[in-house]
Each structure stands twice: as C-alpha cells, then as structure tokens.
**Q** 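For reference, the structure I am asking about is given below.
Just so it is clear, the structure is predicted and the values come from calculations on it, not from any experiment. Proteins get letters first, then strands, A, B, ... in listed order; numbering begins at 1 in each.
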Amino acid sequence: MRQSDFFLPTLKENAAEAQIPSHQLMLRSGLARQLAAGVFSFLPMGYKVIKKIIEILREEMDAIGGQEFLLPALNPIEIWEQTGRVEAMGDVLFHIKNREGLVLAPTHEEIIAFHAKQHIKSYRDMPQIWYQIQTKFRNEARPKSGVLRGRQFTMKDAYSLDTTWEGLDAAYEKHYQAYCKTFERCGISFFVVGASSGAMGGRQSQEFMVESDSGEDTCAIASGYSANIEVATSAVLPVGRIDSNDPIEKFATPNAKTIDDLIEQFGIPEERCAKSVVYIADDKPILIFMRGNDELNESKLQGILGTGNLRPAVAEELIEFTGADHGSIGPINLKSDIRIISDLLLKDANGLVSGANEDGFHLKNIDFTRDCPHIKEFYDLRTVRNGEPSIVNGEPLRIVKAIELGHIFKLGTKYSEALDAKFLDSEGKEHPIIMGSYGIGVERIMACYIEQNHDDKGIIWKKPLTPFDVHLLAINPAKFPEVAQACETLYNELSDAGYEVLYDDRDETAGVKFNDADLIGLPTQVIVGAKNLKDGNIEVKYRESGERKVIPLSSLKDELN
RNA sequence: CGGGGUAUAGCGCAGUCCGGCUAGCGCACCUGGUUUGGGACCAGGGGGUCGGGGGUUCGAAUCCCUCUACCCCGACCA
C-alpha cells in the first residue's frame, strides 16, 4: 500500500478526551475515531488489525469444532422476556422505539437456545459448539477508556450444547485451551481468575484478565493463585482466643464512631475490635459481624444470601433494628431479633470489643463461644487485601487492576429451561440441553495489545496482529530519483515475496516520516536514503528494540527472514 | 443515576472573572519559493451558527435561564 494513497490520518497531539495509552494511540496513529460516547469507527489501518484478530479467533474456534453463525442484532423482545432478562438487564438493553417488540441484542444465549429448541431434539444431535463474531449493543451507563467499554462492540461468543454435565466440562475445557492459545498467539500477557458468575447464572466461571491500571476489575494474584477480588480468599489467620476469662463489661465511648477511634482512644488492639454492618436484603435486615478493619465483600454476601437485591441500612433502620446508630452496633442486646452472620475469622474468638447497641457505649471481653450462641452462621465475607498470604503457598497476594478480555461460563440449563430447549436421551427421557457460554471482546484484544506494547513514541506492532509487516520509507525521493527508483523496486519485490508493505512515498521530510513510522509502529522499517544508497546500502530499523542496521540492498530479503 | 469538569477553525488551546474596534495563537490545510536523515523556513491565503434555544443590554464568546454533547470520579456492569 502506498501511503500517499492510504487514508491514515495521524495526529501529532493527543486528543483531549483520550486518557489511557491505548485510546490515545489508537486515535493518534489513525486506527480509529470516536463517533459518539462508546461508539467508534475503525479506519482502514485499524480495521486491518481487527480482521487479523478475528481470523485468529475463527481459526481457534474452528480448531475445537466450532461452527460459525451469522445471527441478527435485532431480536424479538418476547424471547428476552421468557428468560427474564429484559428486567434483569434493565437499561443496558437497547429498545427499538419506532418498532414495537424489538431490542438490540447485547449477547446471544437466547437466540442460540431458540434455534437449539427448533432443531436439537435428540442426544444424537450433540455435542455442538456454535459461535459468532459480531456486533453487540449494550447501553452502558458510562462508556469509558476508549474501546474498552463501549455501547457497540465486536464480540466473539460461543455456546456449547451438551447432553451431560461431563460433556459441558469437556466443552468448557476446550474453550479454556482455545482461549489460552488465542491470547498467546496475539502476544498478550494474561492470567486466568476464578470469577463470580453474577446474574448470568451458572456453575463455574473464569475470566481471562490483562493486568492494567486502566482495568475496571480488581484481582488478587500470586504464583499458583489468581482470583477476581469478588471471590478471592487468603490465608489470614483467625482472630482466635486470648488467655482471659473476664466477663463482658460495658464502657462509655462517647467520641468513638469508628474502629480507628476505638484503637486510638482506648488502646484496644486492632485485631480485637469487631464491627457490625447492617444490610437490607430482599427487604429483610441482616447484621454482618466482622473484624474491625476488614472490608465487607458485597459479591460474597450476594452469593451467600442468594440475592443481588441488597443495600446498606440507613440510619433510621439501624436504630429501629439495633437500638443504636452506626458506630455503636454489636451482636449482643440487639433491639430486634434479626439474622446475624459472622466472618469466619471471628469464629470461636474471645476478648472482642464491639458496640453495645446503645449510642456511646461499647462492650469488651466478648467471648463468641460463651456470649454469642445465637450466632450460628459463619462465612468468608471479607475482601482480601494486598500482601495477605495466598491460600496456595503463603506467598503475598498482589491486588492489581485488570481488563477482562474473555469470560467462560458453565451456564447449565437456565436458558434451555426458560426457552424449553429439550432433547430425548437414549431411553426416551426428556432433559434440558446443558449449555456453556464463552465470550471474547475483539476490540479489547486490540486495546490490551497496545496497552502492553507501546513506548513514548507510539505503538510497537508484532506478528501476527501488525497491520503491515514492513514500513518502507523513501527519504527525499523527489530530490533523489535513485531513491524513488530503488523504493519502487523494493516495494514490488517485497510485495511479490509475500510481505505486506506500507510504502511511505509521500512528499514529506525525513523527520515527519520517521516520527510517523515510530508512531504507527510497524515491526520493521526499511529506510532508503541517498547517502546509504550511494554505497549500495539501505538501513533496517526494528521498532521493538530500536536496533538499526545498514546493510547492502541485495541482502534485505535475508535480513527480513 | 449522583458528584465534578469541559464545549471558541480539522486538532490542541487563549480570550469569559471585569460585556465594547474586524474573535486570536500553535499545528494541520492551499499557493509560490527555498530546503531535505528525526515532526524545516520565508511570503501570501482559505477556513468560525464562539455547542443549541431563549433572555438582559445601545452592544454578548463574555452576564442570566434552559437544553444538549463529551470527559473524569462514584454507583452499575449479563
């Protein structure tokens, strides 16, 4: 491709709205342009990269027996109503205004289940892996970070149909392996975490993550262990017992509203402080008791309570249910008989200090085994913190931000049951099809690659995602016809040899070409200038290492091999 | 949805507080000339509903009301 003909608008300055490197560089290097919040156009150079990513995805899906579909983005809302997801997705689902009964598909579990119901009738019809690589629409409340969170984006999603749970396990494992291969081929460093399956329903779920300060997820990782913070656990020791048998004692704490106040004003050891949090779950109050400075993990709480409908109680509710305002609440002498659950670390502990359920007072010497027989439920409720020992080998956990690149779910029968997609087994008995769901964000691969492969000059492309293999730079071809002539020859030879060549034949100064070349970031720059050419030489520069070599014109093909 | 910010030429910005000549600067773009290995120089030139609507005023980019878009933090995130 001759650059003088190629639509490749590079920018010298960063766009004001771009905050993260991948977003800035996608705009500056002419890969993409924003059309509206969370909506992007890909320009020819960017689309070349998208197509290369898609081809890798397609190859890896085909390799595990996947069959590619082209599914509609316009969906009848009835299907979504049958699975309850119109309500579950709420504003995230785009509704068509001037045609009743249509929505824009944010994903395709329902449509897959619909077609499975039509035609998958027998255990002989399975297993199946169906996939698509298409545009999805989600009315995100807050699009951000360039293409990382958009309202319209490309997704590879696959669905497995199986007759048995063992079959689902096998399909899941196939996708796990295919995803690892895909990201490795793309040259992306990633890790896999156990994840919460959220409102999707289902049994097992893992996310493929890229560590990045631009990420929206938080993960805990150490060697041999990695988990989304929503489900991460650590080997922090329980509070345990101290050698004391003192009775419970009430004491005045008029100016202590927080755990830190208690520690400072009364010299109570931090680990002996316990705190109480009141939540309202499905309109019922619940008191959560945990170590003083631990943070409640709402995802874990949702999992334990089996509902996502929960919120912290407000002041009036605190007083109504406990008798005290926040800061003075505890598990003993509660005003009303509400459910209490406690963090595992407090099980069997004694010598604890907690609120007295009376404003301005706390209790000390609380012994869980002696004083709190009414607390029978103990769960892991806390959010792990940086540096806590891993449950695998005690290595300190690192808490990092991460971008979710892919997600694999063992869905189970939620959608097949809701949409009545059933099959007959070999004994003629009817069962719902067992499904899995596996997604990868295409634009996110591109953005993550750039996040991991750039420097202060621009992007650093490598095979196989690079939009071109070679950037051929003609230095002052207008003044030196021999340069233009040599470039024309090289351009033809390299193209004939199978290289994708971007040929900078523009009438620009050397500096502009060099800076554009570094910004665009093709892996190899072949620089043809009059000085070197006079001796029959050209220069080769490798973008990643910055290494430059002056070599004879005739040995270029050997150099590139 | 809550909080904060921004909107002036294709891009980046100044001018707005304190209303007043023809709305400016850098980059980009066009013409001519000179340059030519790390974002050249000289000269000339084109390009603006100052986000939209309404109001105050002799006069509004500037003050008031209102709407919209975009960005950031939070909430949410199948």
Side-chain angles (χ1 to χ4, degrees), chain A residues 9-20 23-24 27-28 30 33-39 80 83-94 103 105-110 136-146 148-151 153 155 157 195-202 205 207 214-218 228 230 298-299 302 308-309 311-312 403-404 407 409 411 414-415 437-439 441 457-458 473-480 483 504 506-520 525 527-534 537-539 541 546 548 550:
Chain A
T10 57
L11 303 172
K12 207 178 283 189
E13 294 173 287
N14 273 325
E17 73 256 23
Q19 306 288 324
I20 65 171
H23 189 191
Q24 293 171 339
L27 297 176
R28 282 191 57 206
R33 288 292 180 266
Q34 180 165 329
L35 183 63
V39 181
W80 291 83
T83 56
R85 288 174 106 194
V86 172
E87 192 186 5
M89 305 203 65
D91 282 339
V92 172
L93 188 64
F94 276 109
V103 296
T107 174
H108 280 82
E109 280 81 8
E110 278 77 358
K136 310 271 166 161
F137 298 87
R138 296 181 191 178
N139 185 23
E140 294 290 348
R142 187 183 156 206
K144 56 181 286 198
S145 304
L148 283 180
R149 175 161 295 271
R151 294 206 166 113
F153 58 96
M155 187 172 188
D157 56 338
S196 151
S197 45
M200 278 284 281
S205 156
E207 292 167 328
S214 308
E216 300 182 302
D217 286 82
T218 306
N228 194 304
E230 294 176 353
E298 283 198 18
S299 297
Q302 285 183 23
N309 178 22
R311 59 171 174 83
I403 299 165
E404 180 189 342
H407 201 161
F409 279 103
L411 271 187
K414 174 175 173 178
Y415 298 95
S437 165
Y438 318 89
K457 288 182 169 300
L473 306 185
I475 306 302
N476 297 318
K479 185 177 179 186
F480 302 102
V483 169
D504 192 348
R506 295 175 301 166
D507 182 20
E508 292 285 354
T509 62
V512 171
K513 294 193 178 194
F514 290 142
N515 283 300
D516 263 354
D518 288 343
L519 172 64
I520 291 163
Q525 297 170 18
I527 302 158
V528 181
K531 283 179 194 167
N532 285 322
L533 194 59
K534 159 169 65 65
N537 291 332
I538 57 175
E539 181 178 336
K541 176 181 167 184
R548 299 153 172 273
V550 176

**Q** Base, sugar-phosphate, or nothing for A:Leu11, non-hydrogen atoms under 4.0 angstrom?
**A**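 Nothing: the residue A:Leu11, judged by heavy atoms under 4.0 Å, touches no strand.
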**Q** Checking the side chain of A:Asn515 only, and the main-chain atoms of A:Gly511 only, is there a donor and an acceptor separated by less than 3.5 Å?
**A**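 Looks like yes, one N/O pair under 3.5 Å.
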**Q** Which nucleotide, in any strand shown, forms a Watson-Crick or G-U wobble pair with B:G38, with both distances under 3.5 Å?
**A**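 Its partner: none found.
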**Q** Under the side chain to side chain contact (heavy atoms under 4.5 Å, CB included) rule, collect the residues that match up with A:Arg149, sequence neighbours excluded.
**A**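 Counting only residues at least two positions away or on another chain, A:Arg149 forms a side chain to side chain contact (heavy atoms under 4.5 Å, CB included) with A:Glu140, A:Lys144, A:Glu216, A:Arg444.
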**Q** Which letters describe nucleotides 25-32 of chain B, given B = protein heavy atom under 4.0 Å from base, S = only from sugar-phosphate, - = neither?
**A** -BSS----
**Q** Could you identify the nucleotide paired to B:A23, looking across every strand shown and requiring Watson-Crick or G-U wobble geometry with both distances under 3.5 Å?
**A**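 WC or wobble partner does not exist here.
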**Q** Using atom P in both nucleotides, what's the gap between B:C21 and B:G2 to the nearest angstrom?
**A**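 Result for the P pair: 40 Å, nearest Å.
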**Q** Applying the Watson-Crick and G-U wobble criteria at under 3.5 Å, what pairs with B:C17? Answer none if nothing qualifies.
**A**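 In the structure as shown, B:C17 has no Watson-Crick or wobble partner.
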**Q** Can you check the A:Lys534 NZ to B:G37 C1' distance for me, whole Å?
**A**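 Rounded to the whole Å, the gap is 13 Å.
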**Q** Does A:Thr509 put a side-chain nitrogen or oxygen below 4.0 Å from OP1 or OP2 of B:A40?
**A**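 Yes, because at least one side-chain N or O of A:Thr509 sits under 4.0 Å from OP1 or OP2 of B:A40.
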**Q** Using purine N1 to pyrimidine N3 plus N6-O4 or O6-N4 for Watson-Crick, or N1-O2 and O6-N3 for G-U wobble, each under 3.5 Å, what pairs with B:A69?
**A**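 Across all strands, the one nucleotide that pairs with B:A69 is B:U6.
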**Q** In the 5'-to-3' direction, what one-character label does each nucleotide of nucleotides 71-77 of chain B receive under the scheme B = base within less than 4.0 Å of a protein heavy atom, S = sugar-phosphate only, - = no such atom?
**A** SSBBB-B
**Q** Any carboxylate oxygen within less than 4.0 angstrom of a Lys/Arg side-chain nitrogen, looking at A:Lys414 and A:Glu109?
**A**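 Not counted as a salt bridge, because no side-chain N and carboxylate O are separated by less than 4.0 Å.
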**Q** Taking atom C1' of B:G37 as reference, at what distance in whole Å does atom CD1 of A:Ile475 sit?
**A**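 It works out to 6 Å between those atoms.
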**Q** Give a yes or no on whether the backbone of A:Ile527 and the side-chain of A:Lys541 come within a donor-acceptor separation of less than 3.5 Å.
**A**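 Looks like no, no N/O pair under 3.5 Å.
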**Q** Just the rounded figure in Å: distance from P of B:G39 to CG of A:Leu473.
**A**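 Interatomic distance, CG of A:Leu473 to P of B:G39: 15 Å.
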**Q** I'd like the C1' distance from B:G12 over to B:G39, given in whole Å.
**A**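 Approximately 15 Å lies between the C1' atom of B:G39 and that of B:G12.
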**Q** Regarding A:Arg28, tell me which of base, sugar-phosphate or nothing describes its non-hydrogen contacts under 4.0 Å with the strands shown.
**A**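 Base contact.
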**Q** Checking A:Ser205 against A:His407: is there a side-chain donor and acceptor pair closer than 3.5 Å?
**A**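 Short answer, yes.
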**Q** Would you please test A:Asp217 and A:Asn228 for side chain to side chain contact (heavy atoms under 4.5 Å, CB included) and show each step?
**A** CA-CA 7 Å; A:Asp217 286 82; A:Asn228 194 304; 3.4 Å; yes
**Q** Which whole number of Å gives the distance between the P atom of B:U6 and that of B:C65?
**A**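 Their P atoms lie roughly 16 Å apart.
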**Q** Provide the distance between the two C1' atoms, one in B:G47 and one in B:C1, to the nearest whole Å.
**A**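 About 41 Å, rounded to a whole number of Å.
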**Q** When we call it a touch if two heavy atoms are under 4.0 Å apart, what does A:Lys136 touch: a base, just sugar-phosphate, or nothing?
**A**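 The answer is nothing, as A:Lys136 stays clear of every strand by at least 4.0 Å.
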**Q** Starting at the 5' end of RNA chain B, which residue's closest nucleotide do you reach first, A:Ala15 or A:Arg151?
**A**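 In this pair, the answer is A:Ala15.
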**Q** Looking only at side-chain atoms of A:Asp516, point me to the closest of B:G39, B:G37, B:G38.
**A**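 In terms of side-chain proximity for A:Asp516, the closest of B:G39, B:G37, B:G38 is B:G39.
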**Q** Quantified in whole Å, what is the P atom distance between nucleotide B:G51 and nucleotide B:C13?
**A**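 It comes out at 15 Å once rounded to the nearest Å.
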**Q** Considering only the C1' atoms, how many Å lie between B:A61 and B:U49, rounded to the nearest integer?
**A**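 Between the two C1' atoms, the distance is 12 Å.
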**Q** Under a 3.5 Å cut-off for both contacts, is B:G46 paired Watson-Crick or G-U wobble with anything, and if yes, with which nucleotide?
**A**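 In the structure as shown, B:G46 has no Watson-Crick or wobble partner.
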**Q** Should B:C1 form a Watson-Crick or G-U wobble pair with both distances under 3.5 Å, which nucleotide is its partner?
**A**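 Pair assignment: B:C1 / B:G74.
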**Q** Taking all non-hydrogen atoms of both residues, which atom of A:Val483 and which atom of A:Ile475 are closest, and how far apart?
**A**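 Looks like CG1-O, 3.6 Å.
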**Q** Tell me: CG of A:Asn537 to C1' of B:G37, nearest whole Å?
**A**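 Distance check: A:Asn537 CG to B:G37 C1' gives 15 Å.
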**Q** State whether the side chain of A:Asp518 and the backbone N or O of A:Lys457 hold a donor-acceptor pair below 3.5 Å, judged by distance alone.
**A**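 Here the side-chain-to-backbone pair does not exist.
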**Q** Checking the side chain of A:Arg85 only, and the main-chain atoms of A:Trp80 only, is there a donor and an acceptor separated by less than 3.5 Å?
**A**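 Flag not set: sc A:Arg85 to bb A:Trp80 has no pair under 3.5 Å.
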**Q** Using a 3.5 Å distance criterion without hydrogens, assess whether the side chain of A:Arg33 forms a donor-acceptor pair with backbone atoms of A:Leu27.
**A**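 Side chain of A:Arg33 to backbone of A:Leu27, a donor-acceptor pair under 3.5 Å: yes, one is there.
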**Q** For B:A60, give the paired nucleotide (Watson-Crick: N1-N3 plus N6-O4 or O6-N4; G-U: N1-O2 and O6-N3; both under 3.5 Å), or none.
**A**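 Answer to the pairing question: none, since B:A60 forms no Watson-Crick or G-U pair.
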**Q** For the P atoms, the ones on B:A7 and on B:U16, what distance do you get once it is rounded to whole angstrom?
**A**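 12 Å, rounded to whole Å.
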**Q** Looking at A:Asn14 and B:G12, is any side-chain donor or acceptor paired with a base atom of the opposite kind under 3.5 Å?
**A**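 Checked by distance alone, the answer is no.
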**Q** Ignoring hydrogens and angles, tell me if any N or O in the side chain of A:Lys513 forms a donor-acceptor pair with the backbone of A:Arg506 under 3.5 Å.
**A**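 Checked: pair present.
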**Q** Suppose you measure atom P in B:C64 against the same atom in B:G10; what distance do you get, rounded to whole Å?
**A**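 To the nearest whole Å, 28 Å.
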